[in-house]
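Input: a single structure, listed below in structure tokens.
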Amino acid sequence: MRLAALTLFHIRLPLQQPFATSRGVLSAREAILLRLQGEGLEAWGECSAGSVPGYTPETLVAAWDWYQALARRWLGQVLPHPADFIAAQAEALRRQPMAVAGWEMALWDAWGQVHGQSLAALLGARRPKVTAGVVMGVKPSHAALCAQAQAYLRQGYRRLKIKIKPGYDVQPVAALRACLPAGFPLQVDANGAYTSVQADELLRLDAFSLQMIEQPFSSTDWEAHRALQARLDTPLCLDEGFQTPAQAAAALQAGVCRAINVKPARLGGLTMALEVVRVAKACCPQALLWVGGMLETGLGRAASLALAALDAFALPPDISASARYYPQDVITVPFCLDAQGALTVPSAPGLGVRVDWDNLQRFTLRKLEFRA
Ligand code: MG
């Protein structure tokens, strides 16, 4: 596709309910949506960077500037295959992987539409449906936690994850184990809130048959993870704690973790996510791989779902129905759970979803357009 126009949309999408993690409370999600147009087609990407540094140092402001540079570079040119684009982005991948991921997602959408193939098919995914997982933020009481968990079960979710932090770990997990069906798949995520001196508190979580404990320590503290994993039956999972495919393999080989959260936005996009899967499976066939989320809109959700449909991902992803996070999404047909608690992987060419213009315009803070 020859790029005739690029439009950037900085959006702010209100959340269904405030989302609390060990890092703070979020009441709306900002993102940049980018639209590439050419040859009668339009392709979409999403940048999930934060409005301020937090989960990672990257911000939407930096991505907004970088996309303007990409517009100058690519307007009037034939867009490359996403993997070829990524091969030339070594520095940007280090500096702003979420911005890279947003542009690369639009390239996949364009490539799929030009060649009449769904994104899932392009990635090599075969499963038509993916069992959904749901994440719960920190709740004010155990009663509220259990009520919310049971509501999600009634909606059909088959795996729960809760955010934990020091002082909010063993007790909420015990409360959930008491109110959920025996053996219900449950995992926890600390977003690096613990230090190694608090390792004994995390050891107590071994009694609850959790699927995994995600990123208990700082992203740079591999040694604390390795030491805890050696004492723990529950698999530890790295999320923020690795950035590249080589680091994922090194962490698994060194016993730093047994599970890897493959989050395309954080890794620089789908090409890099595929590479993480390839190297992790090559070095450690037993590694538990699964797809994480960044509270994506329906556009990013469609891309993540296509990835999560790969056979390599044995565990449910952090991909929920649109309504879990957003009362109104930017796509015309929101993602909904079926009777088995699964989401249907889009099968139309490219991302396979369409933008709801009324909603997009309602939630756009600023817009910038470039034409060849
Ligand atoms: Mg995480």
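Start at 1 and go down the list; that is how both ligands and their atoms are numbered.
A tilted orientation is assigned to the rings of Tyr168 and His142, their planes being inclined by 30° to 60°. Relative orientation of the Tyr325 and Phe19 rings is perpendicular, given thresholds of 30° and 60° on the angle between their planes.
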Trp290/Asn261 under side chain to side chain contact (heavy atoms under 4.5 Å, CB included): CA gap, chis, key distance, verdict: CA-CA 5 Å; Trp290 62 289; Asn261 181 341; 3.5 Å; yes
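Residues forming a salt bridge (charged side-chain N to carboxylate O under 4.0 Å, His left out) with Asp189 (at least two apart in sequence, or on another chain): Lys161, Lys163.
Below the 2.8 Å limit, the Mg ion (ligand 1) has as protein N, O or S neighbours Asp189 OD2, Glu214 OE2, Asp239 OD2.
Annotation: Trp74 is not in aromatic contact with Phe370 [ring centroid separation under 6.0 Å not met].
The cluster map of Ile, Leu, Val, Met, Phe, Trp and Tyr, joined by side-chain heavy atoms under 4.5 Å apart, puts Val130 and Leu123 in the same cluster.
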